[in-house]
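No experiment lies behind these values; they were computed from the predicted model shown.
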Amino acid sequence: MALPLPLPPMSYLPPLGQEGEEALGRRVAVPFRGEVQVGVVVGEGGRPSLNLRHAIAYLDPAPYLRPEEILFLEEAARYLFAPLGQVLADFLPPFPPLRHRVRLYPGADPKVLPPGLGALVDWREARGFDPKLLDLLREAGMLEEELAFREARGVLVPLKPAHPDPQLDRVLQVLRELGFAESQAALARAAGVGVGRVRRLVQEGYIGTASPEEAAPPPADGVDVAPLHLPERPERVNGGRFLERVRVLKGLLGEGDHLVLFPEVSLLERFLAHFPGATPYHGGLSGPVRERFFRRPRGLVFATYGGLLLPFTPRSLVVVEEGSESYKLPSGSRAFVPPLAELRARLLGVPLTYLSLVPAVEVLERKGFALPVPKPRLLLLDLRRERGFPVTGRALALLRQVEERGRQAVVLSARKGYSALLLCQDCGFRPMCPDCALPLRYHREGKGALVCHQCGHREDPPLLCPRCGSPLLAPKGPGVDWIREALAERLSLPVYRYAGDGKDDLTPLLEGRPGVVVGTTALLRGPRLPDLALVLLPLADGFLLESDFRAAERYHRLLWALTELRPGRRPLLVLQTFTPEHPVHRALEAGEVEAYLWQEKALREALNYPPRVRMVKLEVRHRKEERAREKAFALLEALRAEAEEGEVLGPAPAPVPRVKGHYVFHLLLRGSTERLARLLGLLDRRQFRLDPDPFHFVGLLED
């Protein structure tokens, strides 16, 4: 039995009275560490033991997972070097809450019970009793239990199109946009009103309830496009405009069940607008909706990573934008989803196709079909020669053309806040985070603040340099707020802000009015501006110069994504850079989607880097630097007798060697999955954190 916890499967005896029933794949309640936990049966057999405890009850009349899903979980756990329970937790939808009633078996003498348990002569809700005391009674064979999943409550849905009271009508329209709300309080929060107004709408019959599966959000408006049928099904499709890729996807998906995976909900919903018959499945849906669909998946399913465990066999599997780092799970098993999608398709025996504008280096050698790509409109501004900062004179002139013509522009920054740091112009001092080896970011709002974007430390900016007393403390490295302020001073157009920590209302721009949006890469997941003429990166190198061998590939993908920010047309892309001769820039100038990626693949093969071999990252940390170094070298010593030359890189301090008060060291292991499993088997897994598919090498892995 596997619990959705970072543990291997555990053995239990069947529930009393239910011996001999089919168990594989069913959810079951079991005693675990004095509590009642819910897991899934992933295997049967073996010899009974007096040390084993009985499970309490099966919670499904039929298997919840098929043998196909259990095999996938086992193979995925091997690939990720993770406990099976952790993989189960990553991909399962949340279980519904339990209804748990308990009582003493008839005939049991309540006088022998500890104080406070006398009420158990009759059925009582288990909640309110000490779980450990209940477990003692359970182990003594004195406790009778009833367990079942609680039925999902109904959700709020709109019943009428409008309300005569403008304030109540606004709440009703918010609900119509959402499709449904899980409670009156949730709707009140979404609409920014008190619960009383929502209650009044319910009492007047403008809002009612429906089952979660009946309350799907209305499909977004989209453009109906005809399918594009290819001569034969390729393993990857790349290039083209967005709507051309939509047509290809329609051609790939015939009748019957199909599964399409997306890296994030915003992209899923953009495709979904053109597929009204598809069913979405992602973490943004309510738990009851996901749970009910998981039990009966069917048809065309548009899903994020959790769709890989849906218990059905689709006719085909499509992975959209397989190179997106949004497929990387930030916690748990820290899986990267596309290799698991390939594993799932192989185990089910169904065809797999990758569909993206820019292919990942890992899939380049697969049989592909390339759609023609319009050549980008690109202007490279060499910051070694241009004047003006943070926006050069030539870039500002282009923005003024946007202003004169009443068009729209996007300005993209790699940093939130006002600037990357404060710097003393006399002695070079820069305020650093006391807990991280990083400069404090300068935020100018209010009285100003210095903030660490890793640990959240905040302090007031100094008036004078703490080292030399100079008043010449100047911000360096422009962030979103600095760029926005500079443009607001030089342009008469409205300037909006759009970043993960705050988004302005872009409704005027969506209605076609002129303006400029300054933001981070959150803009890629935001709404598309209808009259976008210019995309400017004031410091393009900020996206390129990262301590990661995939940084250039990621930058290449970003630039091509920026060319698609306006539906149907390509805006002028202006890059202010110190490296205009970089191969990524040259490939973009030539309009070649794959040329740079083949160069990158050849370089990685020469260096024996992925995709030629697998690479895993071992991370150790400690509040004392010497202890962290000792732990890292102890791992190296444990590997020394078995590891061959080139299989172990490091140990070395992480690119950011101190994060959140901990010193961080990395080791990298290279080899096949089988070879890596052999090397990891030599180590004590409690001494390090493992990343089975590292995409970043800077930050500390989070729990």
Enquirer: Where is the tightest heavy-atom contact between Pro96 and Arg27, given as atom of each residue plus distance?
Expert: CD-NH1, 4.0 Å
Enquirer: Between Glu642 and Arg675, does the salt bridge (charged side-chain N to carboxylate O under 4.0 Å, His left out) criterion hold? Intermediate values first, please.
Expert: CA-CA 10 Å; Glu642 176 71 23; Arg675 183 62 182 160; 2.9 Å; yes
Enquirer: Regarding Glu626 and Arg629, does a basic nitrogen lie under 4.0 Å from an acidic carboxylate oxygen?
Expert: no
Enquirer: Decide if the gap between the ring center of Phe302 and the ring center of Phe271 is smaller than 6.0 angstrom.
Expert: no
Enquirer: Specify the closest pair of heavy atoms between Leu544 and Ala551, including all atoms of both residues, with the distance to one decimal.
Expert: O-CB, 3.6 Å
Enquirer: Checking Arg415 against Val480 for the side chain to side chain contact (heavy atoms under 4.5 Å, CB included) test, could you report, in this order, the C-alpha distance in whole Å, the side-chain angles of both residues, the deciding distance, and whether it holds?
Expert: CA-CA 6 Å; Arg415 300 185 181 93; Val480 167; over 6 Å; no
Enquirer: When you measure from the side chain of Arg150 to the backbone of Leu98, do you find a donor-acceptor pair of N or O atoms at a distance under 3.5 Å?
Expert: yes
Enquirer: Under the 6.0 Å and 45° cation-pi test, does Arg296 pair with Phe312?
Expert: no
Enquirer: When you look at Lys503 and Arg497, which way does the side chain to side chain contact (heavy atoms under 4.5 Å, CB included) test go after all the steps?
Expert: CA-CA 6 Å; Lys503 300 178 177 69; Arg497 186 182 190 275; over 6 Å; no
Enquirer: For the aromatic rings, using the six-membered ring if either is Trp, is the centroid distance between Tyr305 and Tyr327 under 6.0 Å?
Expert: no
Enquirer: Check whether more than 12 heavy atoms from other residues, nucleotides or ligands sit under 6.0 Å from atom CZ of Arg127, and answer yes or no.
Expert: no
Enquirer: Between Ser333 and Gln86, does any side-chain donor sit less than 3.5 Å from a side-chain acceptor?
Expert: no
Enquirer: Less than 4.0 angstrom from a charged side-chain N to a carboxylate O is my criterion; do Arg614 and Glu674 meet it?
Expert: no
Enquirer: Can you check ring-ring contact (aromatic ring centres under 6.0 Å, His included) on Phe633 and Phe665, steps first, answer last?
Expert: CA-CA 10 Å; Phe633 276 92; Phe665 282 76; 7.5 Å; no
Enquirer: So which atom in Pro83 and which in Pro8 form the shortest heavy-atom distance, rounded to 0.1 Å?
Expert: CB-N, 3.9 Å
Enquirer: Between Arg554 and Asp548, does at least one N-O distance fall below 4.0 Å, as a salt bridge requires?
Expert: yes
Enquirer: Work out which heavy atom in Leu676 is nearest to a heavy atom in Gly671; give both atom names and the distance.
Expert: CD1-O, 3.7 Å
Enquirer: Passes side chain to side chain contact (heavy atoms under 4.5 Å, CB included), Tyr354 versus Glu342? Steps please.
Expert: CA-CA 10 Å; Tyr354 296 105; Glu342 186 170 333; 3.0 Å; yes
Enquirer: Is any side-chain heavy atom of Tyr281 closer than 4.5 Å to a side-chain heavy atom of Thr304?
Expert: no
Enquirer: Side chain to side chain contact (heavy atoms under 4.5 Å, CB included) between Leu690 and Leu80: does it pass, once the steps are laid out?
Expert: CA-CA 9 Å; Leu690 175 70; Leu80 298 170; over 6 Å; no
Enquirer: Is the Lys NZ or Arg CZ of Arg26 less than 6.0 Å from the centre of Tyr64's six-membered ring, within 45° of the axis?
Expert: no
Enquirer: Among side-chain atoms of Arg298 and Thr279, is any donor-acceptor pair under 3.5 angstrom?
Expert: no
Enquirer: Validate the cation-pi geometry between Arg550 and Phe695: distance from NZ or CZ to the six-membered ring centre under 6.0 Å, angle to the ring axis within 45°.
Expert: yes
Enquirer: Between Phe149 and Phe95, what is the ring plane arrangement, given parallel below 30°, perpendicular above 60°, and tilted in between?
Expert: tilted
Enquirer: Are Phe549 and Tyr609 near enough that their ring centres are under 6.0 Å apart?
Expert: yes
Enquirer: What are the two closest heavy atoms between Gly500 and Thr520, and how far apart are they?
Expert: N-OG1, 3.9 Å
Enquirer: I'd like to know whether CZ of Arg678 has more than 12 heavy-atom contacts from other residues, nucleotides or ligands below 6.0 angstrom.
Expert: no
Enquirer: For Arg604, is there an ion pair with Glu553 - N to carboxylate O distance below 4.0 angstrom?
Expert: yes
Enquirer: If you compare all heavy atoms of Glu264 against all heavy atoms of Ser326, which two are closest, and at what distance to 0.1 Å?
Expert: OE1-OG, 3.1 Å
Enquirer: Check for me whether Lys328 meets the cation-pi criterion with Phe336, that is, NZ or CZ under 6.0 Å from the six-membered ring centre and within 45 degrees of the ring axis.
Expert: no
Enquirer: Run the salt bridge (charged side-chain N to carboxylate O under 4.0 Å, His left out) test on Glu68 and Arg66 for me, step by step, so that the C-alpha distance in whole Å, both residues' side-chain angles and the decisive distance to 0.1 Å come before the verdict.
Expert: CA-CA 5 Å; Glu68 292 91 332; Arg66 306 176 305 167; 3.8 Å; yes
Enquirer: Answer with yes or no whether the side chains of Glu321 and Ser356 bring together a donor and an acceptor at under 3.5 Å.
Expert: no
Enquirer: Looking at Arg623 and Asp435, is there a salt bridge between them, counting it only when a charged N and a carboxylate O are closer than 4.0 Å?
Expert: no
Enquirer: Within the supplied structure, the quantity of interest is the number of heavy atoms (other residues, nucleotides, ligands) at a distance under 6.0 Å from Arg458 CZ; does it exceed 12?
Expert: no
Enquirer: Check whether any side-chain heavy atom of Leu667 lies under 4.5 Å from a side-chain heavy atom of Val648, and answer yes or no.
Expert: yes
